[in-house]
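Read the structure below first, then the notes.
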Amino acid sequence: MSPERYQRIRQVLERRQTDLTVCLENVHKPHNVSAVVRTCDAVGIHRVHTVWEKKYQFRRGTAMGSQQWVRQTNHDNINDAMAELKGQGMQVLVTHLSDTAVDFRDIDYTKPTAILFGQEKYGASDEAKAVADHDIVIPMMGMVQSLNVSVAAALVLYEAQRQRTIAGMYNTQQLPEEECQALAFQNGYPRLYKLCQRKGLPLPAINAIGEVDADESWWKEMQITKAEANALEAD
Ligand SMILES: C[S@@+](CC[C@H](N)C(=O)[O-])C[C@H]1O[C@@H](n2cnc3c(N)ncnc32)[C@H](O)[C@@H]1O
């Protein structure tokens with residue numbers, strides 16, 4: 001990859017917010033999942049959590065679309081997802097149309113936060129609502145009862161981004177360096193990455209100008225030379 005592309009990738013990864021996440025509960029329409037994940041990337045979210053009950057599990061592994069920059073953790077059920085997020089010290093917010101819900105702009109998103117969005121037709125489950133720290137709502141003034149889930153996600157996430165920008169939270173790298181290097185290699189050298197995975201080899205480091213920084217034995221085990229690797233990626 002060119003030094004310019006590597007710099008751009010670094011800039012993105014150094015702004016990733018590991019303590020802000022989204023949980024999609026049975027959000028199953030591919031265009032909605034893709035749209036939410038795209039917004040997550042734009043806001044700097046590193047990882048998205050998904051829960052699909054049995055009838056939606058065909059979505060596993062496919063619904064994230066082309067968004068290879070945002071990591072995904074899939075949970076078998078909502079209780080596991082909630083337990084993991086709470087265990088990470090996150091405040092859990094459930095987006096939910098209720099009279100007792102808090103206006104989404106009144107929340108402090110600079111705290112470690114997980115925001116749950118519910119199924120397109122039925123919304124969030126009772127289990128999710130029961131363990132949430134807050135129900136949050138985007139006030140509705142018109143005739144329609146609710147927004148499209150990806151629109152709701154964009155509004156809430158950009159409020160989080162606004163608050164975090166003011167707090168300077170995009171100025172400090174949160175993502176561990178090892179994870180930055182792994183993502184840079186995976187996306188900067190996709191074919192080499194696949195080969196490396198197939199051979200079960202450790203991921204190499206990337207140097208300051210974006211080159212693969214591996215020793216001779218790694219190249220030998222990959223059965224490819226640096227020149228061949230460059231040609232492979234250039235195709
Ligand atoms: C189309 S809505 C589901 C509507 C469902 N009948 C309900 O009562 O929750 C799908 C998801 O979008 C989000 N959403 C849509 N409009 C919202 C609003 N005004 N406030 C908060 N969340 C909203 C929620 O995550 C919701 O679960």
Side-chain angles (χ1 to χ4, degrees), residues 17 19-60 62-65 67 70 72-86 88 90-164:
Q17 305 287 292
D19 61 351
L20 177 65
T21 190
V22 155
C23 180
L24 298 179
E25 187 188 21
N26 292 320
V27 175
H28 64 288
K29 293 187 178 166
H31 60 275
N32 285 336
V33 178
S34 298
V36 174
V37 175
R38 195 169 171 157
T39 302
C40 287
D41 173 60
V43 166
I45 287 179
H46 174 56
R47 182 173 296 279
V48 165
H49 296 258
T50 51
V51 181
W52 288 297
E53 66 187 59
K54 264 205 168 58
K55 65 180 163 190
Y56 302 124
Q57 281 187 4
F58 63 96
R59 289 284 168 238
R60 278 185 183 208
T62 57
M64 296 291 280
Q67 199 35 265
V70 179
Q72 179 195 5
T73 299
N74 189 59
H75 302 271
D76 289 337
N77 57 63
I78 191 63
N79 294 326
D80 286 359
M82 292 287 122
E84 180 167 329
L85 296 169
K86 288 244 165 182
Q88 289 174 9
M90 304 255 182
Q91 62 169 343
V92 176
L93 312 174
V94 171
T95 52
H96 172 45
L97 297 131
S98 100
D99 294 341
T100 55
V102 179
D103 185 314
F104 77 107
R105 293 161 294 197
D106 292 338
I107 294 288
D108 178 0
Y109 296 93
T110 63
K111 293 182 183 168
T113 301
I115 310 160
L116 182 136
F117 296 92
Q119 205 255 11
E120 285 90 343
K121 189 164 179 195
Y122 302 109
S125 66
D126 290 341
E127 289 93 327
K129 289 178 212 158
V131 293
D133 295 290
H134 298 286
D135 286 357
I136 58 170
V137 67
I138 303 161
M140 304 288 292
M141 306 297 172
M143 291 295 287
V144 291
Q145 197 212 4
S146 63
L147 297 166
N148 168 278
V149 63
S150 68
V151 174
L155 289 168
V156 178
L157 291 175
Y158 267 86
E159 173 60 15
Q161 193 233 42
R162 187 188 70 82
Q163 292 185 16
R164 284 174 173 245

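Only heavy atoms go into these numbers, but all of them, side chains included; no hydrogens, no water, no symmetry mates. In each ligand, atom 1 is the first atom listed, and ligand 1 is the first ligand listed.
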| task | Return the minimal non-hydrogen interatomic distance between Gln163 and Tyr109, and the atom names on each side. | result | OE1-N, 2.8 Å
Which pairs of N or O atoms, one from ligand 1 and one from the protein, are separated by less than 3.5 Å, and what is the distance for each pair?
from     : atom 1 : to     : atom 2 : distance (Å)
ligand 1 : 6 (N)  : Lys121 : O      : 3.1
ligand 1 : 16 (N) : Leu147 : N      : 2.9
ligand 1 : 19 (N) : Ile138 : O      : 2.9
ligand 1 : 20 (N) : Ile138 : N      : 2.9
ligand 1 : 25 (O) : Thr95  : OG1    : 2.6
ligand 1 : 25 (O) : Gly118 : N      : 3.0
ligand 1 : 27 (O) : Gly118 : N      : 3.1

| field | side chain to side chain donor-acceptor pair (under 3.5 Å) partner of Asn26, chosen from Glu120, Gln119, Glu53 | value | Glu53
| query | Below 4.0 angstrom, N of the basic side chain to O of the carboxylate: do Asp19 and Lys111 qualify? | reply | no
| field | Qualifying salt bridge (Lys or Arg N to Asp or Glu O under 4.0 Å) pairs with a residue from residues 134-148, counting only residues at least two apart or across chains | value | none
| note | What one should report as the nearest heavy-atom pair of Gly118 and Val149 is O-CG2, 3.8 Å
| note | In terms of heavy-atom contacts, Ala81 and Val51 come closest through CB-CG2, 3.7 Å
